[in-house]
Structures are given as C-alpha cells and as structure tokens.
Protein chains: 2
Amino acid sequence: MNVVQAQDQIAQPGRSELELAAVLHALSDPMRLRIVAALAATEEQPSCGAFDLPVTKSTCTHHFKVLREAGVISQRQHGTARLNSLRRGDLDARFPGLLDSVLRAA
Amino acid sequence: MNVVQAQDQIAQPGRSELELAAVLHALSDPMRLRIVAALAATEEQPSCGAFDLPVTKSTCTHHFKVLREAGVISQRQHGTARLNSLRRGDLDARFPGLLDSVLRAA
DNA sequence: CTCCTTGTACGATGGTTGTCGTACCGTAGC
DNA sequence: GCTACGGTACGACAACCATCGTACAAGGAG
C-alpha cells in the first residue's frame, strides 16, 4: 500500500489507492458521519477529543482509524494531540461530487 | 416502518424513511455496487438471475434484499421472476447527487 | 520530577455480515 | 399431473465490527 509519509503525518492511502467501497463503508456509520460532518463545518483541524462524541476514548480511536485508513480524513501528530482534517481534494478528485452530496444529505 | 404496497410490489421503505447511513452501507459492498451499476446502465427491469453474479442463488437473494430494504432498489413480482429497478427518483429527492456521484465513480 | 492530558494497544464481547447448502414454494410449459 | 425454472427460507459458519475497559506511552504544565 503506497502511503504518503510527510513529517508528522500519519500513514494513509494515497489518492490513487482510494477505493469507493471502502469510502462508502467508512461513511456508513452514524458516528463517523457525524465526525465527517463536524470536520466539514470547520476551517480548523480539531483534535480527536474536540468532537464530544457519546462513546469512550478507545471507540473514538477506532472510528478515526477507520476514516483515515479509508482515506476520508488525514491525521497529523502535534504534541500529544492528533489533528484531523478532511481530504476534500483527494476525495473530490477520485469521486467527484460524492462528498458534497453526502454532506448535504447529512 | 411505513411501506409502499402496490399490486405485486414487494415491501420497501417509503421515500421519507430512507436513511443515509443505511443507503451508504448497502452501497459499500462490491457485489451490490455491481448490481446497482448494471441496473443503472439499462432501461429494462432485469430479473435477479439476469446479472450473472459470481455467487450462489441464496447469496444473490440476500444482496437484493439488502438493497431493497435500504431503499436503493424496487422489486416487482412478475410470474416466478422478480423484476428489479433503481429507485432513482426517491434517491435523488432525498440525497440529491449521491447516486450520480457513486455511479460515476463505479 | 510529578501529574494531567491525549491518545494508542490489546483483549473481550455481543452483534452483524457475506457466503454457502439444502430444502422448499409458486408459476409456466409439457 | 409432472417437471423445470426462478427465487425464498432457514440454518450454519467464519469473518468482521462497534463497543467497552484496562493498561500503557508521550508531551506539557506545575
């Protein structure tokens, strides 16, 4: 699996590795949909703990990992915090319109 | 669960019952993605057996059931055959652009 | 150095999923 | 009636998933 490795960037699939089924699966969970929607609504790069999700920390870690491994989000280590951002550009390039329609529906 | 029951139409969720997470989950399987793509590419209403899928009949039944219960497809009984069609109108109304972007990417 | 914060790792658990096989049912044609 | 065909129902099974709890690692603040 080709990965993009830049400074404190956590491993993630490259743009050409993105798979539709994997992305759809990552988005098919209400908790993850909520994370993605919150991420799309801000200009910042919130840490994992900033989402106030109704699950424990370990479950949280799990969901962020699923989203990152599917290529939906990108994570950067910054001190003890892990900063998250949506991979809008890569998603729009591979699956034009998909992210927008999901966000509009969510 | 409100269902639309018309003549030989099999039970399915009404337009307002469609849930984004359920639709995304239904579309997140390669076999079902293949079914939906084939369904979108024809004007006809093919029977379940007309798809030539590399799985057994029972698995086939399972996938069509998942798609129908998520509201992605509609099934009509016609003799011994079950005719399938995409619920384009309902999907476009509830999740504008979603189906198109998925089909374009698949 | 010591604590607090942020988050991961690992194991467990109950539930869901994709697949199959066999048995069955209803319609159509002979 | 009987047989073929298209499809469902049910049970089984291995794999996966969302969730949790506990234990642990690393950076920042005092």
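Numbers restart at 1 for each chain; the letters A, B, ... are given by sequence-line order, proteins then strands.
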Gap between atoms [atom1] and [atom2], on [X] and [N] respectively (whole Å):
X: B:Leu83; N: D:dG7; atom1: CG; atom2: P; value: 8 Å
X: A:Lys65; N: D:dC16; atom1: NZ; atom2: P; value: 14 Å
X: B:Asp8; N: D:dT8; atom1: CG; atom2: P; value: 14 Å
X: B:Gln75; N: D:dT8; atom1: CD; atom2: C1'; value: 11 Å
X: A:Lys57; N: D:dT22; atom1: NZ; atom2: P; value: 12 Å

[Y] and [X] side chains, donor-acceptor separation under 3.5 Å:
X: B:Ser58; Y: B:Thr61; result: no
X: B:Arg76; Y: B:Gln9; result: no
X: B:Arg82; Y: B:Gln77; result: yes

Side-chain N,O ([X]) to OP1/OP2 ([N]) below 4.0 Å:
X: A:Thr56; N: D:dG21; answer: no
X: A:Thr59; N: D:dA18; answer: no
X: B:Arg82; N: D:dG6; answer: no

For DNA chain C, whose closest nucleotide is more 5', that of B:Met31 or that of A:Ala50?
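Going by which nucleotide is closer to the 5' end, it is A:Ala50.
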Selected nucleotide, minimal atom distance to A:Thr80 side chain, candidates D:dG6, D:dA26, D:dA18:
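The listed nucleotide nearest to A:Thr80's side chain is D:dA26.
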Nearest heavy-atom neighbours spanning [X] and [Y]:
X: A:Cys60; Y: A:Leu53; result: SG-CD1, 3.7 Å
X: A:Ser47; Y: A:Ala81; result: CB-CB, 4.2 Å
X: A:Ala26; Y: A:Arg32; result: O-NE, 2.7 Å

Hey, does A:His25 reach any base, or is it just sugar-phosphate, or nothing, if we go heavy atoms under 4.0 Å?
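Sugar-phosphate, backbone atoms only, no base.
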Closest nucleotide of DNA chain D for A:Ser28 versus for B:His62: which of these residues is on the 5' side?
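Nearer the 5' end of the strand: B:His62.
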Heavy-atom nearest nucleotide on DNA chain D for A:Asp29 versus B:Ala81: which residue maps closer to 5'?
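Upstream on the strand: B:Ala81.
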Check whether the side chain of B:Thr61 and the base of D:dG7 form a donor-acceptor pair under 3.5 Å.
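Under the 3.5 Å cut-off, the side chain and the base do not form any donor-acceptor pair.
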If you walk 5' to 3' along DNA chain C, what is the first nucleotide with an atom under 4.0 Å of a heavy atom in chain B, and what is the last?
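Reading along DNA chain C, I get C:dT17 to C:dT27.
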Set out, in order, the CA-CA distance, both residues' side-chain angles and the distance that settles salt bridge (Lys or Arg N to Asp or Glu O under 4.0 Å) for A:Arg88 and A:Asp100, then state yes or no.
CA-CA 9 Å; A:Arg88 289 203 92 107; A:Asp100 282 341; 3.1 Å; yes
